[in-house]
There are 2 protein chains.
Amino acid sequence: MVLPRAARTQRRTRIQEEKEELILEAALDVFATHGFRGSTIDQIADVAGMSKPNLLYYFRTKEAMHRALIDRVLDSWLDPLREFDAEGNPVSEIRSYIRRKLEMARDFPRESRLFANEILQGAPHIEDELKGPLKTLVDEKAEVIRAWAKAGKIAKCDPYHLIFAIWSTTQHYADFDVQVRGVLGEGRSGEGRFEDAARFLEQLFVTGLSADGSAS
Amino acid sequence: MVLPRAARTQRRTRIQEEKEELILEAALDVFATHGFRGSTIDQIADVAGMSKPNLLYYFRTKEAMHRALIDRVLDSWLDPLREFDAEGNPVSEIRSYIRRKLEMARDFPRESRLFANEILQGAPHIEDELKGPLKTLVDEKAEVIRAWAKAGKIAKCDPYHLIFAIWSTTQHYADFDVQVRGVLGEGRSGEGRFEDAARFLEQLFVTGLSADGSAS
DNA sequence: GTAATGTTTTACCAACCGGTCAAATTATCA
DNA sequence: TGATAATTTGACCGGTTGGTAAAACATTAC
């Protein structure tokens, strides 16, 4: 019978696993560079090396592909923040959070751009996740930071804006890679660039948040 | 005669001025939220309140509209960096650069998103500008910062990454506005949010770059 | 082996897209 | 006012887009 994939109950064949993987990989490529509306199914099919109807056999719509991709990636994307440990040493926690985020920007730039595109364009497909799970997690970690500041372990500062600053500075190296490369020139090549960035950001945040800092 | 606009020599009628303005305004709206490929001429025409052929009378292609928009916006976008003054007081120069960038993110979010979309998608239309005028300007200002650091007026740090950090943290409030609002909730509304951000960022960068900071 | 199920392809469709054309309409100015 | 140029419109075109239908083909289970 021709039971389009969406109607599957629980069992998935070997081919399904493989092909879905292949498709999502291709979709990540395409969505990350063109955004949802700018991407075409044909393009994705092409990258995946299969025909369009074949692709649509596994994901019935473009939206379904996008959604599957978001779902799969969002979770791992938030891992670094989850690891943020209330019991650890504040400075080294922040330092290693920065480093982990920077490593993700280096190793998973497509994932970063996927979200960047989505949010830039108004987050039409992930608004719920933003206001739900993401907000909850951030609220929780912000509370940890606030407690650290209150205890005088780091400078008093708005924890939310601290988190935004870490997000933006690190993801910048994935999302705006072309610009970074354009400005730096081809001199500072791949690996060195990330080391420079890491050194700078750690200095900025560690010094910037040293306990003697003032401001509300 | 039917002289399509592109063939104009120098004189432009009042109507041309008005309509081109109207179109670019609409185009900014659309391009900023959907990126180049995700935007359609019909959409822009719709926002501008005119028919598609009429719109194409003023800009012969979608690319021409995009280009005109980029050209008009890029210059003013770099103004804050140009104002960066080598003779001024380092700390207050950096502080006011941050504030100006933040004001631009607040007052011209569409312009910010226009560039963000463009760069995120590989900067296919502005690569030359990145490697040309932008790089030149950044190189120049980086040299100023390097001199300040060498003179011990601010901490030693990589000036390029400092500039990237200021760009990313400030533009974040325009480009990722949905996320910021989603995470903060509707509590901290518009004006207050930017004040909080400004306070945090000034603290971060001023403290983070205080002359006693170490690291290469 | 064969029947049932799972996968892939070919051909196709309606809507949309960027863009053209010629005719109709409106503004300008002598 | 009328001629001339500038602007706007509706009808249209070929290519692309997201998606479908049905049949051909492959795989698995018995």
Side-chain angles (χ1 to χ4, degrees), chain A residues 1-27 29-31 33-69 121 124-125, chain B residues 1-27 29-31 33-69 121 124-125:
Chain A
M1 203 205 294
V2 187
L3 246 201
R5 243 222 67 242
R8 75 170 192 269
T9 48
Q10 61 262 62
R11 203 162 299 265
R12 297 165 71 202
T13 60
R14 172 185 52 89
I15 294 181
Q16 274 173 13
E17 303 257 14
E18 287 173 11
K19 290 297 167 77
E20 285 178 16
E21 185 63 34
L22 191 68
I23 291 168
L24 289 182
E25 174 67 20
D29 252 37
V30 176
F31 283 136
T33 30
H34 299 293
F36 183 76
R37 292 191 40 163
S39 302
T40 72
I41 299 184
D42 295 84
Q43 225 180 330
I44 296 168
D46 200 50
V47 173
M50 51 172 69
S51 69
K52 180 168 61 171
N54 194 185
L55 188 151
L56 286 165
Y57 170 73
Y58 292 99
F59 296 93
R60 289 195 306 183
T61 63
K62 190 176 152 186
E63 293 228 341
M65 288 181 34
H66 192 254
R67 173 120 293 272
L69 200 52
Q121 305 186 2
H125 305 97
Chain B
M1 201 203 295
V2 187
L3 246 202
R5 242 224 67 245
R8 75 167 192 270
T9 49
Q10 60 261 60
R11 203 161 299 265
R12 298 165 70 202
T13 58
R14 174 184 50 87
I15 294 182
Q16 274 174 13
E17 302 257 15
E18 286 173 11
K19 289 297 167 76
E20 285 178 17
E21 184 63 35
L22 190 69
I23 291 168
L24 289 181
E25 173 67 20
D29 251 37
V30 176
F31 282 135
T33 29
H34 296 114
F36 183 75
R37 291 189 41 164
S39 301
T40 71
I41 298 184
D42 295 85
Q43 226 180 329
I44 297 170
D46 200 50
V47 173
M50 49 172 67
S51 69
K52 181 168 59 171
N54 194 187
L55 188 151
L56 286 165
Y57 170 73
Y58 292 100
F59 296 93
R60 288 195 307 185
T61 63
K62 190 176 151 185
E63 294 227 341
M65 287 181 36
H66 191 252
R67 174 118 295 271
L69 201 52
Q121 305 187 2
H125 305 96

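Reckoned from all heavy atoms, side chains included, excluding hydrogens, waters and symmetry mates. Chain identifiers are assigned alphabetically (A, B, ...) following the order of the sequence lines, protein sequences preceding nucleic acid strands; residue numbering begins at 1 within each chain.
- When the C1' atom of D/dA6 is taken as reference, atom CD of B/Gln16 falls 8 Å away, rounded to whole Å.
- If you measure from atom CG of B/Asn54 to atom P of D/dA6, you get 15 Å, rounded to the nearest angstrom.
- Between the CG atom of A/Leu22 and the C1' atom of C/dT7 there is a distance of 14 Å, rounded to whole Å.
- The side-chain contact (heavy atoms from CB on, under 4.5 Å) test applied to A/Glu63 returns A/Phe36, A/Thr61, A/His125, not counting sequence neighbours.
- Side-chain contact between B/Leu69 and B/Met65 is absent, with no heavy-atom pair separated by less than 4.5 Å.
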Are A/Arg37 and B/Arg37 close enough, and set up right, to give a side-chain contact (heavy atoms from CB on, under 4.5 Å), and what steps lead you there? CA-CA 7 Å; A/Arg37 292 191 40 163; B/Arg37 291 189 41 164; over 6 Å; no
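- Here D/dT7 presents its P atom at 11 Å from CE of B/Met50, a figure rounded to the nearest Å.
- Between A/Val47 and A/Glu25, every side-chain heavy-atom pair lies at or beyond the 4.5 Å cut-off.
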What N/O pairs connect the protein and nucleotides 26-29 of chain D at under 3.5 Å? Give each pair on its own line.
unit_1	atom_1	unit_2	atom_2	d
D/dT28	OP1	A/Arg14	NH2	3.2

Would you please test A/Glu20 and A/Phe59 for side-chain contact (heavy atoms from CB on, under 4.5 Å) and show each step? CA-CA 8 Å; A/Glu20 285 178 16; A/Phe59 296 93; 4.1 Å; yes
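- Remark: B/His66 engages no residue in a side-chain hydrogen bond (donor to acceptor under 3.5 Å, both in side chains) (not counting sequence neighbours).
- Considering only the side chain of A/Ser51, C/dT9 comes nearest among C/dT9, D/dT7, C/dT7.
- In this structure a side-chain-to-backbone donor-acceptor pair under 3.5 Å is present from B/Gln43 to B/Thr40.
- Atom CE in B/Met65 sits roughly 10 Å away from atom P in C/dG19 (whole-Å rounding).
- Atom P of nucleotide C/dG6 and atom CD of A/Glu20 are separated by 14 Å, given to the nearest angstrom.
- Listed by chain and residue number, A/Lys52, A/Leu55, A/Leu56, A/Lys62 satisfy the side-chain contact (heavy atoms from CB on, under 4.5 Å) test with A/Ile41 (two or more places apart in sequence, or in another chain).
- Note: CG (B/Asp46) to P (C/dC16) measures 13 Å, nearest angstrom.
- Put simply, CG on B/Leu55 is 12 Å from C1' on C/dG18, counting in whole angstrom units.
- Listed pair B/Tyr57 / D/dT7 meets the phosphate criterion, a side-chain N or O lying under 4.0 Å from OP1 or OP2.
- Remark: B/Gln121 pairs with A/Asn117, A/Gln121, B/Asn117 by the side-chain contact (heavy atoms from CB on, under 4.5 Å) rule, at least two apart or across chains.
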For nucleotides 11-21 of chain D, which of its nitrogen or oxygen atoms have a protein nitrogen or oxygen under 3.5 Å away, and what is each distance?
unit_1	atom_1	unit_2	atom_2	d
D/dG18	OP1	A/Ser39	O	3.2
D/dG18	OP1	A/Lys62	NZ	3.1
D/dG18	OP2	A/Ile41	N	2.9
D/dG18	N7	A/Lys52	NZ	2.9
D/dG19	OP2	A/Lys62	N	2.9

